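Below: one structure, written as structure tokens.
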Amino acid sequence: MTQKYRKILVTSALPYANGSIHIGHLVEYIQTDIWVRFQRLCGHSVTYICGDDAHGTPIMLRARKEGLEPDRFISRMNQEHQQSFARFGISFDQYYSTHSPENRELCELLYSRLSAAGCIEQREVEQFFDPVENIFLPDRFIRGTCPNCKSPEQYGDSCEICGKTYDPTDLINPKSAVSGATPERRKSPHFFLQLEKFRNALQSLIGSGFTDETVARKLAEWFGDRLKDWDISRDAPFFGFEIPGHPGKYFYNWLDAPIGYLAGLAKFLHGNAADALEFWQDPDVEIYHFIGKDIVYFHALFWPAILIASGLHPPRRLFVHGHLTVNGEKMSKSRGTFINADQYARFLDPQWLRYYLATRLTATPADLDLSFDDFTARVNSELVGKLANLISRCAPMLSRNLDGKTGIPLADALPLIKEIREAQATVTQLYEERNYAGVTRLICQLADKANKYVEDQAPWTLIKKDTEAARGVLTAALECGRILTLYLKPILPTYAEKVEACLRLEPMKWSDAVNSMPSQTINPFEHLITRIDERRIQAMLQDNSDAALPPTGAPSTDPAAAGTAAAPVHAAATAAIEEPLAPTCTIDQFAAVDLRVARVLEASAVTESDKLMRLVLDAGPLGKRNILAGIKKAYTAEELTGRLVIFCANLAPRKMKFGVSEGMILASGPGGAEVFLLAVDSKASPGQRVH
RNA sequence: CCGAGGGUAGCUCAGCGGUUAGAGCAGGGGACUCAUAAUCUCCGGGUCGUGGGUUCAAAUCCCACCCCUCGGACCA
């Protein structure tokens, strides 16, 4: 288990400060965070840097629309982003911004090195210019008629109708999407990075495991032709950094964005450009960028070229992930599957998403699907049913009957415990390779075995004959649960904390897998994690409000706080959940349900159950009916006896643990103590049908 | 049009040259009652996209075709 101490620098891509964080973004941050937490748990030094990509025309325009100065706008957005990330437990060491003095210094420094290296070329470019707004227009801000199929209102780069691509200057009757004015053509000098000069360096970089093979194959396509020069400048007015010595010229934000990784590092080091570069150049530091497959081009070509030209080394590896789809399709606002991070957190536990995404994440850049049915099934059956259940079935038994004292695992459990411990090598490798799907699969298999062990030993029976043997079984089971929780800790830090609290453990480290749990008195058991109620998902999907979240603590750049700041904001939403309207039914379908009035003749609580009441109903001509109803927490036997109720009389009888139930009483409410029986006016008589 | 990835049980996927193709979930039967109705057990369920080929042996390798996803082809 002795492994070399590693120094690792990790980044996630900088989200654009133009909008909120959505669950598509979260794939990357959760993927990165799991890896980062895993490495930290192993005792390695990890620096996790991120921040907002805060420059560019879209941001300038968006700020203008909101009547704010760009600085104000992006600082507000930065706060919002940090809060969203904190809710999902993303443990950045530094969350910063490309609009920062450190980044300006670094951009100017690297640009001067690029210039000195002779790989910047200046030449004239003709572009559309909006004479009303006084800005040069990016292609996507120009609309016009397609020169090919004549469809109106097409973007400046390609036609959505016929698929033809063209230059914005080819558009018939072009208009500015910003002001509606007819744009003029204007020429202005631009600066280009001559990428072709780095062909050999880039090819050898990519040929040496910079990305995984599928990405490398894709990249190989780019080398087929001459690598095109990259326009790194933009004309004023532009929200960004002015290029020194060239008034009215700004760095394109895709130049300063990756440099923003270095700026975040500088900020983290409480230093300047030189400190960041020194850290970056430390040959012992492993540098990894987690990115989406959409920005491979920038990170595999431009960014390494910038670094190499500046006399810096490229990062060690790029970890590329796919995009998120929801229920098999691209996220879409019209389909209601475009889900913001805060919207999710208002209704659902962030841990569920962390777990579910983990079960679907591998090292490949394949897209992954969030299917809500699968999401519910896996969280409920795996996370709650297997993993949490292993502890929740043992800890309370130990507390109730054996003074909560753990002992020594029973000898027959040792092979199982050994097997779980030995799995750590595989778990480690799977995490390292970012195969979290493999991690969760393996953990579930082990949890199955541990549950089977408990089942086979039946400590609830054993405890009557041999308390110490029962203690040994429960200790063994808890030990299994404890190690499995450790294995899950990078994915579920909050859950792991709860287990640690329950078992009275110090925060576990990766090396604690092999150390036995101390013999001691555990704390009273507390609920570890809630199962998913599908109604919450429905409620979330129907929530279109952009309502602000109640404050859950100040956004924090303190990594220790980041993990705990994710308060369970969804809890308050429970009471307000609305059930979605069921699909329209026909009159015949409605008539198929035979509802009858009945009088409760007898009522008695089922002692072995915490929910069920046994009722005998007088349904008039239909005779007596035995019904088991889940209303024990809401009504007493006395309240029920003699009252009239409505029940479904033609429901198929259902065999339940405590007998057959011959119908269902009608009531409203979410359940538990909040069940409200339908009342009937007193003149109604048992057996009457409800129409 | 080019490229990449995928098509294996109802669903999500593992297996990627070698015993009768697996898991979880869902469905059905049984057991148990410690647990957040959870757990354990048994059962049903697959011409491994289609057609060829290589091989003693193919879900696994090769070729062709079909279908899905993503990317590129213009800008970056």
Side-chain angles (χ1 to χ4, degrees), chain A residues 127 138-140 155-159 163-170 195 213-222 224-225 228-232 252-255 293-298 301-302 322-323 325 328-330 356 359-360 362 364-371 373-401 435 437-438 440-442 444-445 447-463 470 473-474 477 525-533 608-612 630 656-657:
Chain A
Q127 278 179 294
D139 291 354
R140 44 184 286 227
Y155 289 101
D157 50 356
S158 66
C159 175
K164 176 87 176 166
T165 57
Y166 39 75
D167 281 327
T169 45
D170 296 335
L195 204 57
E213 278 182 43
T214 59
V215 174
R217 269 198 292 270
K218 224 173 276 186
L219 280 163
E221 292 174 32
W222 298 107
D225 303 314
K228 293 196 180 63
D229 293 345
W230 181 36
D231 184 354
I232 56 164
Y252 177 38
N253 56 297
W254 255 115
L255 179 79
K293 62 184 183 180
D294 52 325
I295 53 175
V296 165
Y297 195 98
F298 296 94
L301 300 182
F302 293 148
H323 294 148
T325 57
E329 298 182 313
K330 271 187 188 169
Y356 182 70
T359 68
R360 317 265 347 214
T362 63
T364 71
D367 287 349
L368 53 155
D369 186 46
L370 167 59
S371 141
D373 289 343
D374 194 41
F375 171 72
T376 307
R378 297 198 65 157
V379 169
N380 285 352
S381 66
E382 294 178 7
L383 182 53
V384 183
K386 295 190 201 308
L387 271 348
N389 185 239
L390 181 61
I391 293 166
S392 74
R393 68 191 305 201
C394 295
M397 211 189 315
L398 193 72
S399 291
R400 257 200 310 275
N401 307 304
N435 184 354
T440 53
R441 196 160 44 235
L442 178 55
C444 280
Q445 274 168 19
D448 280 343
K449 290 186 181 180
N451 273 313
K452 177 169 163 48
Y453 170 77
V454 175
E455 196 71 26
D456 290 345
Q457 293 301 318
W460 49 92
T461 307
L462 192 59
I463 207 164
V473 169
L474 293 175
F525 179 76
E526 282 182 34
H527 211 269
L528 297 172
I529 189 158
T530 317
R531 55 183 36 246
I532 301 179
D533 181 341
E608 308 95 304
S609 162
D610 57 357
K611 284 185 191 154
L612 294 179
M656 299 174 76
K657 182 182 159 188

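First the proteins, then the strands, lettered A, B, ... as listed; each starts at 1. Small disclaimer: the values here were computed from a predicted structure and weren't measured.
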* Of all the choices, G71(B), U36(B), A76(B), which nucleotide is nearest to the side chain of K218(A) once you look at every atom? -> G71(B)
* **Interatomic distance at C1', G7(B) relative to C75(B), whole Å** => 34 Å
* Please measure how far the C1' atom in C2(B) lies from the corresponding atom in G18(B), and state the result in whole Å. => 38 Å
* To do: Could you give the distance separating G24(B) and C40(B) at their P atoms, to the nearest angstrom?
  => 9 Å
* Pick base, sugar-phosphate or nothing for I529(A), based on heavy-atom distances below 4.0 Å to the nucleic acid. => base
* Atom P, compared across C32(B) and C42(B): separation rounded to whole Å -> 16 Å
* **Proximity to the side chain of V384(A) - top-ranked nucleotide from U36(B), C70(B), C75(B)** => U36(B)
* Quickly work out the L387(A) CG to U36(B) C1' distance and round it to whole Å. => 14 Å
* Structure fact -> In whole angstroms, the gap separating P of A35(B) from CZ of R531(A) amounts to 15 Å
* Asked: Does the aromatic ring of W230(A) sit over the six-membered base ring of A76(B), closer than 5.5 Å centre to centre and tilted less than 30°?
  -> no
* Structure fact -> So CG of L528(A) and CG of N389(A): to nearest 0.5 Å the spacing works out to 10.0 Å
* Check the distance between A35(B)'s P and E526(A)'s CD and give it to me in whole angstrom. => 17 Å
* Asked: With side chains defined as the heavy atoms from C-beta onward, is the minimum distance between L255(A) and W230(A) less than 4.5 Å?
  -> yes
* To do: For C1(B) and A59(B), measure between their P atoms and round to the nearest Å.
  => 31 Å
* To do: Return the 5'-most residue of the pair D456(A), D367(A) with respect to RNA chain B, ranking by each residue's nearest nucleotide.
  => D456(A)
* For nucleotides A9(B) and U50(B), find the distance between their P atoms and express it as a whole number of Å. => 11 Å
* **N380(A) side chain to I532(A) backbone, donor-acceptor under 3.5 Å** => yes
* **Carboxylate-amine/guanidinium contact D448(A) K386(A), below 4.0 Å** => yes
* So among V473(A), L474(A), V454(A), which one has a side-chain contact (heavy atoms from CB on, under 4.5 Å) with M397(A)? -> L474(A)
* Asked: Starting at the 5' end of RNA chain B, what dot-bracket string do you get if Watson-Crick and G-U pairs under 3.5 Å are bracketed, crossing pairs use [ ], other-strand pairs use | and unpaired bases use dots?
  -> ((((((((.[[[[.)..(...]]]].(((((.......))))).....[[[[[..)....]]]]])))))))....
* Structure fact -> Among C75(B), C70(B), G5(B), the one nearest any side-chain atom of K228(A) is C75(B)
* How close or far is atom P of C34(B) from atom CG of L474(A), stated in whole angstroms? -> 12 Å
* **Sub-4.5 Å side-chain heavy-atom contact between V296(A) and L219(A)** => yes
* Kindly compute the distance separating CZ (R360(A)) from CG (L370(A)), expressed to the nearest 0.5 Å. => 8.5 Å
* **Out of A4(B), A38(B), C32(B), whichever nucleotide has its closest atom nearest the side chain of R217(A)** => A4(B)
* Distance, nearest 0.5 Å, that separates CH2 of W254(A) from CZ of F302(A) -> 10.0 Å
* **Interatomic distance where CD belongs to E455(A) and C1' belongs to C32(B) [whole Å]** => 6 Å
* **d(CD1, I391(A); P, A35(B)) in whole Å** => 16 Å
* Asked: When the P atoms of A23(B) and G44(B) are considered, how many whole Å apart are they?
  -> 12 Å
* Nearest to side-chain heavy atoms of W460(A), which nucleotide of U41(B), U12(B), U33(B) -> U33(B)
* Structure fact -> Taken to the nearest 0.5 Å, the spacing of L301(A) CG from L195(A) CG works out to 6.0 Å
* **Separation between the C1' atoms of A76(B) and G51(B), rounded to whole Å** => 43 Å
* What's the CD-P distance between Q457(A) and U39(B), to the nearest Å? -> 19 Å
* Asked: Under 4.0 Å between a side-chain N or O of R400(A) and OP1 or OP2 of A35(B)?
  -> yes
Tabulate atom names and distances for all N/O pairs under 3.5 angstrom spanning the protein and nucleotides 22-26 of chain B.
| unit_1 | atom_1 | unit_2 | atom_2 | d |
| --- | --- | --- | --- | --- |
| G24(B) | O3' | K386(A) | NZ | 3.1 |
| C25(B) | OP1 | K386(A) | NZ | 3.3 |

* **Separation between OG1 of T359(A) and CG of D374(A), rounded to the nearest 0.5 Å** => 6.5 Å
* **Nearest-0.5 Å distance that lies between atom CG in D367(A) and atom OG1 in T325(A)** => 6.5 Å
* Nearest-nucleotide pick for F525(A), side chain only, options being A4(B), U36(B), A76(B) -> U36(B)
* Asked: Atom CZ of R393(A) and atom C1' of C32(B): how far apart are they, to the nearest Å?
  -> 9 Å
* **Residue mapping more 5' on RNA chain B - nearest nucleotide basis, S392(A) or Y252(A)** => S392(A)
